[in-house]
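Along the sequence shown, residues are numbered consecutively beginning with 1.
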Amino acid sequence: MSGLRHMVSMPALNLAFGVRQPVDGTLPTHANPGNRLPTKVRFVTPKHPLHPLRWSSVPRQFSRRNLGRAAALGAAGLAAVPAERVLAEVSGVSNATIDPIFRAFVERVGGVAIVGDPLTERFLRNGRSAQLFANFLLEHWPENAGTDYDVQPALLGELASGGRYFQQIAPFRSEATVEYIWQTRHSVRFGFLELWNRLGRTALLGLPISEEVPEAGGVTAQFFQRGKLSYFAARDVPIQIEPLGRIYLAALNDGLDAVYTVHPAQPQTPGASTSVQLTVKNTGDDTWAAGGARAVTVGLRWADSHNPSTRATPAPVSLSDDVASGGSVTTDIAVQMPAVPGPFRLQPDLRVGGEWFTALAVQAPLIDVPAHLAMPDIRVGLLDISHDNPGVNQATIFSTAGLVVRDEGGSVLANLDEHERVTIRRDIPNQKHVIDLPDGTRLQTIGRVLIDPIEGSLLRLEETAPQRTYRGSMEFAWLASYQSAWVVNTLPMDAYLSGLVEQNDNIPWEALRASAIAFRTYAYTVRGPRRASGALFDVAASTRHTPTLYTRDQVYHGYARELSGTRLRDAIRDTRGCVLTYEGRTIHAVYFSRADGRTRSWHEEWGGPIKPWAVAVDDPYSRGQTLLGHGIGLPLRSANAMAAAGANGEQILAAYYTGINFEHVY
């Protein structure tokens, strides 16, 4: 907890867990001197994203106050009143009572000592009855009548934080006093963890949406989806539930509000200079001043957890003129992209008097600004024509829409129409390749024979049936040192990954994402040294058709794999360029089918130097089963089970590859 090993101090019979609310409804003086409305929450500037909002290719709008602006009073027997009026009227009211539909829930969780005193009467919010309390916003879910979920706390923590991005952290293995929460990629530690557990974990506070953040006066705080906890050592009870309802209610009446219209950014090259265009409308009551002590500026902050962790923050833009209520401003903000590829994000925000609007509960969107390098290709050994592969003595190739045959120098040897076959074999005594065309013509050439399909079509290799259909191009080449000819398939890396049959298409989505990252990491890692050594191809397709070399590579069936479903291809697209690294270098991410309660270390099974990312770990998802495979790295069936239990792809990979990071290489 930022180094603070604080624990919850629990006075006898203090069911408030440190929330010491007097019976008159005022806040204790140590939390709110003078019993005034609390001062605004001040957030530290984050560096990375929480809410993975995806923005389409059309401008999107994002507005503020989901509680106030969408609500209307709905107390029995009263006419509906606009929510902004209701909330303004109750901001100073101290005699609100707990509505009967919320009373049982309040009593069950510990009374007003936990939820705080009621600040409003019952009102409608997004069609549901709601009531705001000092610490929580409660909603009625009548469809869950008869269960413990007919009343639920709303996402007040997200509302009060303005959707502000808080820096996420890399997955780690949880311990008794520190727990990693994979759903939001944050942790809960020590005293906050103890209190979170005692309050029912997600039932009341929800999941953490921040790490511990420093606030004014030496306070350490942590935001959750539905509330907020704080720690201050000098208090009688150091850990308390924050009065987030009061803070949010004050923010709703401060005269500030904004709507963002975001113009999506196109993918950029790493290191490029670009700009983000956005329009911001003043939907509050106050005029935004262009100058003076209360001048409003428009800025952008990085909002993602990808490397590099430090980069230039875009310079804020000053307003050229005052913007009155109902007015708007459109601006282009210059952005210097990070020097490495990745799915980066930015968050626009307005600033006034040294404070960001998101810290005042004004919602702000997240904008995707990806930086892409060209996708690398990969060379796959499809077919081994040698004594090691009995019965195969030639390659028969055709296309779904036609193809072009060229010699090694690029000269066109033949143009074939749809489904017309070219047959290529090696004339060993004469050290030439023999090419038979469909019209009976026989050609001879030396060097490699290159086969390119007509744009948009696929190539087929008869001798690898039933798979036989492939994206990309092919070549026929001779490997003298092994006295064998080979058909090599060259295609983009992600197209190759989409043709792997190591996982079925119907497994849980996060297991597919984890698998896609592992598959890419393996292929990318072995590709480099094999190309550097002058190898004919980077990976072999299988042991069946390529027995001579590289028999431990991934099993590749080409386009036939995509016919069984496109979810793997979607997962590969979703994780574009993402690989596993250890101390800045990609790892040899081997994997296997099934563990037996534990994995094995690389050194244990294969000897050689110890690889710290490939050590033995316990595997509860395979207990009672028998080992199937070498036992090193990711057990695919355990990945499926772990995803089915709710884990995300990054958590799965971090559980089996020790100490790894996630970086992007294109």
Side-chain angles (χ1 to χ4, degrees), residues 378-454 457-491 496 499 530 534-551 553 555-560:
I378 190 165
R379 294 171 54 82
V380 187
L382 288 183
L383 183 65
D384 177 4
I385 305 173
S386 70
H387 294 301
D388 292 324
N389 200 9
V392 178
N393 53 29
Q394 64 183 25
T396 306
I397 303 171
F398 57 106
S399 171
T400 57
L403 56 82
V404 180
V405 183
R406 294 182 173 88
D407 64 18
E408 191 172 82
S411 298
V412 175
L413 301 177
N415 288 283
L416 302 186
D417 292 332
E418 177 183 359
H419 298 303
E420 287 188 330
R421 287 166 163 76
V422 58
T423 300
I424 312 173
R425 59 183 174 83
R426 178 69 177 172
D427 181 353
I428 297 177
N430 295 310
Q431 299 184 8
K432 294 182 178 180
H433 300 320
V434 177
I435 304 172
D436 289 325
L437 301 176
D439 63 359
T441 301
R442 173 168 291 181
L443 305 175
Q444 293 185 344
T445 186
I446 59 175
R448 301 183 182 188
V449 179
L450 310 177
I451 302 99
D452 293 305
I454 299 299
S457 64
L458 305 171
L459 288 176
R460 293 179 174 173
L461 178 60
E462 189 64 48
E463 285 73 16
T464 58
Q467 292 83 41
R468 83 173 187 171
T469 304
Y470 305 93
R471 297 182 182 275
S473 62
M474 292 183 185
E475 65 181 59
F476 184 93
W478 175 249
L479 195 60
S481 58
Y482 286 90
Q483 289 293 292
S484 61
W486 289 81
V487 176
V488 178
N489 180 200
T490 301
L491 72 167
Y496 159 72
R530 288 181 182 172
L536 181 61
F537 49 85
D538 306 322
V539 291
S542 70
T543 56
R544 174 186 174 193
H545 296 300
T546 55
T548 302
L549 298 173
Y550 312 137
T551 56
D553 288 329
V555 181
Y556 169 67
H557 283 182
Y559 184 71

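In this structure, OG on S399 lies 14.0 Å from OH on Y470, to the nearest 0.5 angstrom. Interatomic distance, M474 CE to L461 CG, rounded to the nearest 0.5 Å: 5.0 Å. Taken from CG in D388 to CD in Q483, the straight-line distance is 11.5 Å, to the nearest 0.5 Å. One finds the OG1 atom of T546 at 12.5 Å from the CD1 atom of I385 (value rounded to the nearest 0.5 Å). Atoms CD1 and OG1, from I435 and T423 in turn, are 10.5 Å apart once rounded to the nearest 0.5 Å. Rounding to the nearest 0.5 Å places CD of E475 at 6.0 Å from CG of L450.
Formation of a donor-acceptor pair under 3.5 Å by the R379 side chain with backbone atoms of L536 is found in this model. N489 contributes a side-chain N or O that, together with a main-chain N or O of R471, makes up a donor-acceptor pair within less than 3.5 Å. E462 places no side-chain N or O within donor-acceptor distance of the main-chain N or O of R468, the cut-off being under 3.5 Å. Judged by distance alone, with hydrogens and angles left aside, the side-chain atoms of N389 form a donor-acceptor pair with the main-chain N or O of D384 at under 3.5 Å.
Under a cut-off of 6.0 angstrom, the local environment of NE2 in H387 is sparse, with at most 12 non-hydrogen atoms contributed by other residues, nucleotides or ligands.
For residues 401-413, the side-chain hydrogen bond (donor to acceptor under 3.5 Å, both in side chains) pairs, not counting sequence neighbours, are R406-D452.
F537 and W486 have tilted rings, their planes meeting at an angle from 30° to 60° on a 0 to 90° scale.
The closest side-chain heavy-atom distance from V405 to I424 is not below 4.5 Å.
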